Amino acid sequence: MSKLIPLCLAVSMIVAFHAKADESLIEGYGPYYPIEQSFSYPGDTKFKVLWDVAKSVDEGKLNNHINSVARFYNMHLAHGTTANNLDLALVLHGKATFDALSAKHYKERFGYENQTTQLIEALLEKGVKVVVCGQSATYQNVSADQLIDGVEMALSAMTANAVLQQQGYTLNPF
């Protein structure tokens with residue numbers, strides 16, 4: 001029986017380690033400030049939030065409109081929300097469509113690295129749904145096979161926003 005206790009403790013530590021690993025921040029993105037809150041929310045609050053981004057950025061810069069998704073994820077995780085309670089989506093259209101191009105296709109098209117590629121990949125790894133407007137993509141000669149793996153193509157951003165909001169996502173205005 002005494003050998004069973006250390007084994008149980010070891011298994012518990014492994015399970016806790018894996019749970020904690022799933023709760024990691026998106027490193028290198030989404031900076032936030034720790035806040036002592038007077039406006040509080042229950043610890044088990046489920047956030048189902050959608051961002052709609054149409055703007056791109058200047059050459060060689062990170063798209064901070066997309067970085068806001070990482071900021072939301074990181075600050076809520078750091079302030080007690082679990083990753084299971086964060087269900088986030090990002091809809092890209094207009095010039096922001098280019099931010100969803102794979103590193104290879106972006107460099108071929110523009111001649112320089114896309115600073116937002118790794119951010120979108122990190123968001124996808126955390127389970128963020130990333131959707132590109134098919135209308136914007138087609139207008140800008142972007143095909144689905146040129147997108148970062150895991151990015152979905154919708155009929156339009158209008159369609160994606162309507163469907164996601166019907167599924168319970170709230171639109172974040174920031």
Side-chain angles (χ1 to χ4, degrees), residues 18 20-33 47-78 81 83-174:
H18 286 296
K20 188 128 180 102
D22 292 339
E23 299 288 315
S24 64
L25 300 178
I26 300 172
E27 293 297 323
Y29 301 102
Y32 64 92
Y33 298 102
F47 291 96
K48 200 167 186 180
V49 186
L50 158 68
W51 282 259
D52 179 273
V53 177
K55 294 180 182 177
S56 192
V57 294
D58 294 334
E59 177 180 332
K61 295 194 176 177
L62 178 70
N63 190 327
N64 275 320
H65 302 291
I66 296 171
N67 202 21
S68 289
V69 181
R71 180 176 304 110
F72 189 92
Y73 183 92
N74 285 346
M75 72 177 162
H76 283 85
L77 205 64
T81 302
N84 289 336
N85 286 339
L86 294 171
D87 189 357
L88 310 179
L90 170 64
V91 175
L92 301 171
H93 56 102
K95 297 282 187 183
T97 301
F98 295 126
D99 286 319
L101 283 169
S102 71
K104 172 188 168 212
H105 287 99
Y106 191 95
K107 187 158 188 176
E108 284 175 2
R109 184 175 290 228
F110 297 106
Y112 56 89
E113 303 289 327
N114 178 7
Q115 297 303 308
T116 306
T117 301
Q118 290 180 341
L119 169 59
I120 290 177
E121 290 170 346
L123 292 171
L124 288 165
E125 285 177 22
K126 295 298 183 182
V128 175
K129 178 182 282 295
V130 181
V131 182
V132 166
C133 171
Q135 301 301 302
S136 293
T138 301
Y139 177 77
Q140 299 185 64
N141 297 314
V142 171
S143 60
D145 65 327
Q146 295 175 325
L147 300 174
I148 296 166
D149 286 340
V151 173
E152 300 175 55
M153 177 132 10
L155 174 62
S156 70
M158 296 180 285
T159 304
N161 275 291
V163 169
L164 290 166
Q165 288 181 54
Q166 288 176 19
Q167 292 174 354
Y169 287 85
T170 59
L171 182 61
N172 189 313
F174 303 102

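Every heavy atom of this structure was used, including side-chain atoms; hydrogens, water molecules and symmetry mates were not. Along the sequence shown, residues are numbered consecutively beginning with 1. No experiment lies behind these values; they were computed from the predicted model shown.
Other residues, nucleotides and ligands contribute at most 12 non-hydrogen atoms within 6.0 Å of the CZ atom of F174. The neighbour count for Q140 CD, taken as heavy atoms of other residues, nucleotides or ligands under 6.0 Å away, is above 12. Within 6.0 Å of NZ on K48 lie more than 12 heavy atoms contributed by other residues, nucleotides or ligands. For D145, the CG atom counts as densely surrounded, since its 6.0 Å shell holds more than 12 non-hydrogen atoms of other residues, nucleotides or ligands.
Residue pairs meeting the side chain to side chain donor-acceptor pair (under 3.5 Å) criterion with at least one member in residues 165-174, sequence neighbours excluded: D87-Y169.
Pairing each heavy atom of A160 with each of A154, the nearest pair is CB-CB, 4.0 Å. Considering all non-hydrogen atoms of both residues, L25 and Y32 come closest at CD1-OH, 3.9 Å. Closest heavy-atom contact between F98 and N114: O-ND2, 4.0 Å. Here the shortest heavy-atom pairing between S24 and L77 reads O-CD2, 3.4 Å. Heavy-atom minimum distance, T97 versus A137: CG2-CA, 3.9 Å. Across every non-hydrogen atom of A89 and L164, the tightest pair is CB-CD1, 4.1 Å.
Between S56 and D99, some side-chain heavy-atom pair lies under the 4.5 Å cut-off. Between H93 and Q135, every side-chain heavy-atom pair lies at or beyond the 4.5 Å cut-off.
For the side chain to side chain contact (heavy atoms under 4.5 Å, CB included) test with Y29, the passing option among N64, I66, L119 is L119; the others fail.
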Check: Taking it one step at a time, do V142 and V132 satisfy side chain to side chain contact (heavy atoms under 4.5 Å, CB included)?
Finding: CA-CA 10 Å; V142 171; V132 166; 5.8 Å; no

